[in-house]
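Take a look at the structure set out below.
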Amino acid sequence: MSDPTDEKLLASVPTGLFVDGRWVEATGGRRLDVVDPARGAVLTTVADASPADGLAALDAAHRAQESWGRTAPRERAEILRRAFEMVTARAEDFARLITLEMGKPLAESRAEVGYGAEFLRWFSEEAPRIGGRYATAPDGRNRLMVRKRPVGPCLLITPWNFPIAMATRKIAPAIAAGCTMVLKPADLTPLTALLLTQVMDEAGLPAGVLNVVTTTDPGGVTGPLIADPRLRKLSFTGSTPVGRRLMAQASEQVLRVSMELGGNAPLIVCEDADLDEAVEGAITAKMRNGGEACVAANRILVHRSVEDAFVQRFRERMGGFVLGPGDEPSTTLGPLIDERSRSKVDDLVRGAVREGAGVALGGEVPAGKGYFYPPTVVTGVRPDMAIAREEIFGPVAPIMTFDDDAEAVRIANSTDYGLVAFVFTRDIDRALRFSERLEVGMLGINTGVVSNPAAPFGGVKQSGLGREGGAEGIEEYLETVYVGIRDPFAAEVDA
Ligand code: NAD
């Protein structure tokens with residue numbers, strides 16, 4: 001990174017912990033390195049929190065909860081709306097920062113900032129719509145009053161793959177609901193979360209509502225918070241193994257949990273699909289975010305009769321990606337996040353070849369700096385191969401075939417995951433039959449993208465619990481309180 005604009009931008013991002021409305025250093029002044037995955041160079045350092053720093057953040061969130069929970073919904077809405085406008089005004093700074101620390105091409109970072117900002121706007125509109133009800137009991141006598149209140153201090157843990165959107169998808173509904181929070185962003189991409197925190201502060205969020213701790217010791221810092229009875233909610237986005245561990249820890253306090261975990265999305269191309277549309281959809285579903293997305297198409301299931309035609313066109317489109325640093329204008333595919341991820345992707349491809357699959361494109365780690373991996377098409381994949389069972393998280397498309405819809409459904413459902421599926425067909429009844437049979441939380445019909453701030457995002461099976469976005473998203477941060485009331489006419493009758 002030698003661009004003076006980027007150097008100025010980096011120098012403007014706060015690098016401390018944000019606790020009780022102030023930027024502070026970590027205990028002992030410890031720092032962690034933030035690395036540019038395209039060049040392997042250290043961009044800057046940020047505070048590396050200790051367990052005591054994490055608890056100080058929870059202290060602040062707990063202190064702020066009572067008064068924050070009583071603020072007018074309109075006041076919370078207006079803070080979110082201001083934050084939406086400020087993020088939008090600084091969209092280019094956010095996009096450059098995402099590309100620097102995460103590696104995706106600038107065009108994709110810009111799209112993420114737009115998507116991430118939308119959660120601030122969406123939930124600014126949801127805050128004044130928190131409902132309740134007053135009803136007559138079935139016997140016509142007593143009254144039932146049901147109201148919502150904020151669940152209380154939350155711990156929000158986010159991954160590195162969408163550094164702004166995964167944060168706003170939690171922060172915005174928590175603010176709208178009247179919760180305070182401790183955010184722990186991924187240590188691989190903390191800068192975007194820190195700039196976002198600065199913006200939230202400038203948008204008028206009171207001290208203690210949003211606290212942020214960055215750390216290389218996620219288990220050590222979050223463990224004591226999850227065990228602390230002052231914490232009332234854990235919302236996690238990340239891998240299934242870590243999610244499972246956190247759920248076990250959360251069970252001790254019977255904490256409310258939301259879990260947005262891994263995926264293994266099937267993308268089904270039926271014989272009656274518009275093949276051009278299916279190829280474009282598959283390219284989007286596979287290559288958005290360089291394949292580093294929980295909703296990435298992980299298994300492409302093609303009807304045997306259209307396999308050759310699909311593979312030929314798909315391979316051509318995959319071959320058109322330009323691999324390079326995300327800040328170069330010609331780049332359409334950036335590096336993977338780190339060496340560990342790259343060797344996992346490489347191992348999966350090599351393993352598939354050993355088990356009898358073929359490589360129609362890519363498949364070789366390039367020489368040189370940065371964690372690059374080329375667009376890769378693997379054919380002849382079987383459902384039992386590791387590449388079809390594990391989340392790939394890279395630009396690798398395994399292609400398998402099926403002979404009828406029942407087989408497609410069987411293969412698609414033969415996984416512990418259940419986040420999303422995609423189906424390409426011109427037959428609406430067929431698409432709806434798939435929607436009823438596929439074990440997923442989300443389905444895309446003739447589209448490779450389902451993410452939308454107005455829609456409930458989330459999975460079934462080991463892809464998680466709860467939903468983010470949509471009208472459902474705020475419910476994760478609200479408790480339902482029921483008040484039973486004696487028949488108001490009882491006294492009148494008695495008199
Ligand atoms: P990860 O599970 O390694 O880390 C996620 C977060 O958890 C990070 O902040 C990390 O520091 C923290 N963490 C790690 N170990 C922890 C521990 N023991 N205790 C507490 N926190 C801990 O996942 P990742 O590699 O950052 O992200 C990729 C994964 O996230 C993929 O599996 C992907 O599918 C998933 N993901 C899911 C969604 C969704 O909405 N379902 C969205 C994006 C990413």
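Numbering of ligands and ligand atoms starts at 1, following listing order. Just so you know, residue 1 is the first one in the sequence shown, and it goes up from there. These numbers come from the heavy atoms of this one structure, side chains and all, not from hydrogens, waters or symmetry mates.
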Check the pair Lys461, Thr415 against side-chain hydrogen bond (donor to acceptor under 3.5 Å, both in side chains), reporting the backbone distance first and the verdict last. CA-CA 9 Å; Lys461 293 160 81 177; Thr415 167; 6.0 Å; no

State if Phe236 counts as touching ligand 1 under the rule of any non-hydrogen atom under 4.0 Å. yes

So, does Arg169 sit close enough to ligand 1 that a heavy atom of it is under 4.0 Å from the ligand? yes

Tell me, please, whether Phe457 has Arg169 positioned over its six-membered ring: NZ or CZ under 6.0 Å from the ring centre and within 45 degrees of its axis? yes

Side chain to side chain contact (heavy atoms under 4.5 Å, CB included), that's the test. Do Arg244 and Met259 meet it? Break it down for me. CA-CA 9 Å; Arg244 229 184 261 131; Met259 292 277 148; over 6 Å; no

Looking at Cys179 and Pro150, what are the two nearest heavy atoms and their distance? SG-CB, 3.9 Å

Got the closest protein heavy atom to [atom], with its distance?
| atom | value |
| --- | --- |
| atom 24 (P) of ligand 1 | Trp160 NE1, 3.3 Å |
| atom 16 (C) of ligand 1 | Val242 CG1, 3.5 Å |
| atom 10 (C) of ligand 1 | Lys184 NZ, 4.0 Å |
| atom 38 (C) of ligand 1 | Cys294 SG, 3.0 Å |

Taking 4.0 angstrom as the limit and counting only heavy atoms of [X], give me the atoms of ligand 1 inside it, by number and element.
| X | answer |
| --- | --- |
| Arg245 | 18 (N) |
| Asn161 | 43 (C), 44 (C) |
| Leu246 | 19 (N), 20 (C) |
| Thr237 | 5 (C), 36 (N), 37 (C), 38 (C), 39 (C), 40 (O), 42 (C), 43 (C), 44 (C) |
| Pro159 | 26 (O), 27 (O), 43 (C), 44 (C) |
| Thr222 | 19 (N), 20 (C) |
| Gly219 | 17 (C), 18 (N), 19 (N) |
| Met166 | 42 (C), 43 (C) |

Any sub-3.5 Å donor-acceptor pair from Gln198's side-chain atoms to Val13's backbone N or O? no

Measure up the Phe393 and Trp160 rings against each other and bin them: parallel (under 30°), tilted (30 to 60°), perpendicular (over 60°). perpendicular

So for Phe393 against ligand 1, with non-hydrogen atoms under 4.0 Å, the contacting part is side chain

Between the side chains of Lys184 and Thr214, is a donor N or O closer than 3.5 angstrom to an acceptor N or O? no

Among Val302, Leu438, Val409, exactly one meets side chain to side chain contact (heavy atoms under 4.5 Å, CB included) together with Ile268. Which residue is that? Leu438

Are any non-hydrogen side-chain atoms of Tyr477 and Ser235 less than 4.5 angstrom apart? yes

Evaluate Glu101 against Leu188 for side chain to side chain contact (heavy atoms under 4.5 Å, CB included), listing each step before the verdict. CA-CA 7 Å; Glu101 64 177 348; Leu188 291 167; over 6 Å; no

